Amino acid sequence: MMSAQTDLRSAGSATRTLTGELSGDAIAIPPMPDYSGRILAYTATAAIIIIGVIQQSFAHWLLWLLAGALLWPHVVYGLTRKTFLRRSSRIRHKMLLVDCLIGGGFIGCTGLVAVPSVSVVLMLMFSCLMVGGIRQWLFGTGLMAIAAVIALAIVGPAETFQSPLLTSVAAILSTGLYICVTAFYSHQQARALMLAKTQIQNQREQSIALSHKLSKYLSPQVWQSIFTGERDVRLETQRKKLVVFFSDIKGFTELSEEMEPEALTELLNHYFNEMSEVALRYGGTIDKFVGDSIMVFFGDPTSRGQREDAFACVSMAIEMRKLMKIMRQKWRSQGIKTPLEIRTGISTGYTTVGNFGAENRMDYTIIGKEVNLASRLESLAQPGEILISYETFSLIKDRIMCRDKGEITVKGFAKPVAIYEVVDFRRDLGPNRSFMEHEHSGFAMYLDSDKITERERRAILQALEDAADKLRSEDDLPDSDPRADAQADSPTSSETSRLS
């Protein structure tokens, strides 16, 4: 069963790898680097300074800021990439706040000349919103305002807040160029991210489809525990008290000699499909299918407690026995005359459960003497019989009627083992039973009243009345007494004395 575990985990790893590759390939144009963006912004500011000084909008001493404006991007690059600051958290946001301080100081030094000041503010605020959102914008605005006020207090305001036309045009063009280039890179990044998202989503859907295909080789409980991360795929085992179930089909060997392999395969797959649905409905972990045999255990990876696990297992066996009778009638209508019946063995006890095998191929299964006991009980059971061990009997005897079958000697057990035959649910014995059956040549009836709706009940009653009228008209038989039939189907007093 667990040979697919490694494939499942490999599929998950492959998906993650492919996802990473897709992400890397899709983002062909990365976001504009801080180094390049800073060079562009400070170069634009330097151009504003030069034109402003030439047109006498700014004081001549501001030309000294040109060296700083052209050198600062390289200084920041060296500090953030070559020194201990590269390990600092959120260094990108912190350096942008330093840029806001510098920009605010420059605005104050210009004396609040309107257009150049607004241009610098726009570049810085745009950068803050792109890098850190509203919070970065608020911090940047505050620091820039503080730096501008301090510089303005030192230098003083300009004689006029208006700037010459050429200075204004240069400031607007510089700011527009910076914003357009940054926006272009942002657009390319968003486009690449959308493409990556689409590719990753497609790969995810393929991975889910693949995992669902591979999950067919695992019990749903085991598959779920692997994909939720509760269980790791490695060679490890543990000791747990489990309820072990074995069943096979009596008469299957004879049938395999009569039927063609294709028809036999179809019949067997149909049988396994029906029985698997019953096992999963009761919470059983399907271990394996071997020939016509089924192995199921309860109590791992999830457990509802020993008593409930045992009751669920025996309840499952009873329903499988009922279902087999219905399936046998269907097969008979298809021309299969060999009477096929299920026989079952159930044991409860400590087993070793986990991954067995090699690192590259493993099975999730159980081993131990209780497994051997359940297999032995199954081989000893008569057609249609469910044999259980004493420990299983002690856990379910208050809700399920059982018959003492004596003791058997089993390899691995020092003492003889007491075994019991499962009769039925206590609630279904006597006149209150929900399941009835009756078979003769040319007639078969299987009635499970718990599963019949009111509409179906009326249709069944009409069919039974028509069948009774047909039999009476042909054989002229006297009316039968339903109470006598019920007494005939109920256990006799001698049989009741043997029930436990």
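What you see is a predicted model, and the numbers here were worked out from it, not measured in a lab.
When side chains are defined from C-beta on, Met95 does not count as touching Tyr77, because their heavy atoms never get closer than 4.5 Å. A heavy-atom distance below 4.5 Å is not found between the side chains of Lys82 and Arg86. Annotation: side chain of Trp331 is in contact with side chain of His270 (closest heavy-atom distance under 4.5 Å). Proximity of Asp424 to Met401: side-chain heavy atoms (C-beta onward) are nowhere separated by under 4.5 Å. Here the side chains of Leu255 and Ile249 are not in contact, with every heavy-atom distance at 4.5 Å or above. Side-chain contact between Leu264 and Phe252 is present, with heavy atoms from C-beta onward closer than 4.5 Å. Proximity of Phe311 to Phe425: side-chain heavy atoms (C-beta onward) are separated by under 4.5 Å at one or more points. For the pair Lys325/Arg321, a side-chain contact is recorded, criterion being any heavy-atom separation below 4.5 Å from C-beta on.
In this structure, Arg403 contributes its side chain and Glu421 its backbone to no donor-acceptor pair below 3.5 Å.
Under the 4.0 Å criterion applied to side-chain N and carboxylate O atoms, Lys405 and Glu385 are assigned as salt-bridge partners. A salt bridge links Arg399 with Glu308; the closest basic N to acidic carboxylate O contact falls under 4.0 Å.
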Take Arg343 and Gln382 through the test side chain to side chain contact (heavy atoms under 4.5 Å, CB included) and record every step on the way to the result.
CA-CA 6 Å; Arg343 54 182 185 177; Gln382 297 299 315; over 6 Å; no
Using salt bridge (charged side-chain N to carboxylate O under 4.0 Å, His left out), reason through Lys330 and Glu274 one step at a time and then give a plain yes or no.
CA-CA 13 Å; Lys330 183 184 296 185; Glu274 296 292 332; 5.7 Å; no
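Summarising the geometry of Leu97 relative to Gly140, their closest heavy-atom pair is CD2-N, 3.7 Å, with the distance given to 0.1 Å.
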